[in-house]
2 protein chains.
Amino acid sequence: MFTAEEVVAKIRECETAGGNPMKITPQRRLIFKALEGKTTHPTADDIYREVKDIIPDISVATVYKTLNELVKLGILLELKHDGEQSRFDPRTDQHSHLMCIGTRTNEKGRAVPCGRLEDVSTSFPQLTVPEEEQRGFQVAYNEVIFYGYCPECQQRLGK
Amino acid sequence: MFTAEEVVAKIRECETAGGNPMKITPQRRLIFKALEGKTTHPTADDIYREVKDIIPDISVATVYKTLNELVKLGILLELKHDGEQSRFDPRTDQHSHLMCIGTRTNEKGRAVPCGRLEDVSTSFPQLTVPEEEQRGFQVAYNEVIFYGYCPECQQRLGK
DNA sequence: TTCGCTGCAAAGGGTTTGCATATTG
DNA sequence: CAATATGCAAACCCTTTGCAGCGAA
């Protein structure tokens, strides 16, 4: 939940590990813009393909590096929950996710996950681990993921 | 939560997609044994290294294929929540997990996740997605992951 | 005897890295 | 001007696949 300009402003305030704030390059500005207001949880490759239309010789490496920086700064959330590509979420407030577990068959006859991922505004800070099962862990936060079938997969799979 | 023999028995009852039950080979029996009662959530490679001591020329491919079969049969749970290797859990009843978010620096000076993963007996079937956020999804189940620092990482990182 | 399984090595896919060069602050 | 970022290609890591021969039922 941010605009590209807000990201630029936030970055100018921040310090990275090295001590200096990230530099703002045209490539990065474009990546921020691509993330702006997105609720689709794009993959790095989604972002890459989108910015490539404007700066055709941008490299995937640049996209990955930039996204990783934003994650480190806490401006972006990285979701790595299906064993597939990471997905990125510009929304960083406490919320949950709803993920589709349907699969479809690709050209090579292989099952590929639908992977549709949606935000759910609710969070569940009240959930706790029973004392006797904490094993000395210092719990920082929790995450709730709801799994199910999206409307398209219900129809396709006859669920 | 099973013994190798229970797995064998369960498999003999099952039918695979092809119609016939999986065959029980010495390699597979050994893999079942390696999983028996394990609460450490081993990776495929952990299992591979363990069985390799007994059948030295077993291949990783065999381990992966066998684990995947067990997952398909619902005898084993695959956890793919850190973007790292999948971890396997012989416990298939409803439960939650506690994962360490600490990192350590490896020989190459890179941050690698601790990744310690523990079972938590509690599950939270009562959690639901507000109607207006379901977007037509048919929710099947949910998963709760508690993140925090394990005792070792607390000490090492001074948390 | 018939499928399914094995080990091997190669392919796959997503992500990261190393490096020479170009840019930002 | 110093410190970072860029693009490229190669490297990485985990996992899967294709295949010829072997072995369970």
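In the text below, chain A, chain B and the rest are named by the order of the sequence lines, each starting its count at 1.
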Handout entry: Short side-chain N/O contact from B:R28 to OP1 or OP2 of C:dG4, under 4.0 Å
Key = no

Practice task
Please state how far atom NZ in A:K72 lies from atom P in D:dT4, giving the value in whole angstrom units.
Solution key: 13 Å

Practice task
Check DNA chain D against residues 97-106 of chain B and give the residues with a non-hydrogen atom under 4.0 Å, in numerical order.
Solution key: none

Problem - Sub-4.5 Å side-chain heavy-atom contact between A:D57 and A:K52 - result: no

Practice task
Would you check if B:F88 and B:V71 make a side-chain contact, meaning some heavy-atom pair closer than 4.5 Å?
Solution key: yes

Practice task
Take the angle between the ring planes of A:Y147 and B:Y141 and call it parallel below 30°, perpendicular above 60°, tilted in between.
Solution key: parallel

Problem - Distance-minimising heavy-atom pair for A:A4 and A:K33 - result: CB-N, 3.8 Å

Exercise for the section: Kindly say if B:T62 contacts the phosphate of C:dG7, meaning a side-chain N or O under 4.0 Å from OP1 or OP2. Expected result: yes

Distances for protein N or O near nucleotides 21-23 of chain D N or O, under 3.5 Å:
unit_1, atom_1, unit_2, atom_2, d
D:dG23, N2, B:K23, NZ, 3.1

Practice task
Between protein and nucleotides 11-16 of chain D, map the contacts as a letter string: B base, S sugar-phosphate only, - none, heavy atoms under 4.0 Å, written 5' to 3'.
Solution key: --SSSB

Exercise for the section: Output yes when at least one side-chain N/O atom of B:Q27 is less than 4.0 Å from OP1 or OP2 of C:dG7, else no. Expected result: yes

Handout entry: Atom pair distance, as rounded to whole Å: CG in B:L30 and P in D:dA24
Key = 14 Å

Exercise for the section: Give the rounded distance in Å between these two atoms: CG of B:D57 and P of C:dC5. Expected result: 18 Å

Practice task
Rounded off to whole Å, could you give me the CE-to-P distance for the B:M22 and C:dC5 pair?
Solution key: 7 Å

Practice task
Give the rounded distance in Å between these two atoms: NZ of B:K80 and C1' of C:dG14.
Solution key: 13 Å

Problem - Carboxylate-amine/guanidinium proximity below 4.0 Å for B:R91 and B:D93 - result: yes

Exercise for the section: Look at the side chain of A:N142 and the backbone N and O of A:F124, then say whether any donor-acceptor pair between them is shorter than 3.5 Å. Expected result: yes

Handout entry: More than 12 heavy atoms from other groups under 6.0 Å of CD on A:Q94
Key = no

Problem - Heavy-atom side-chain contact between B:R116 and A:R135 under 4.5 Å - result: yes

Exercise for the section: On DNA chain D, check which nucleotide each of A:I58 and B:R12 is closest to and give me the residue with the more 5' one. Expected result: A:I58

Problem - Within 6.0 Å of CD in A:E6, more than 12 heavy atoms from elsewhere - result: yes

Handout entry: Check: A:E5 main-chain N/O paired with A:E36 side-chain donor or acceptor under 3.5 Å
Key = no

Problem - Greater than 12 external heavy atoms within 6.0 Å of B:Q155's CD - result: no

Problem - Rounded distance (Å) that lies between atom C1' of C:dT6 and atom CG of B:L67 - result: 15 Å

Problem - Nearest-angstrom distance from the residue atom CG of A:L73 to P of D:dT4 - result: 14 Å

Problem - Distance in angstrom units between A:D82 CG and C:dT15 P, rounded - result: 10 Å

Exercise for the section: Answer with yes or no after comparing the ring centroid distance for B:H97 and B:H41 against a 6.0 Å cut-off, counting only values under it. Expected result: yes

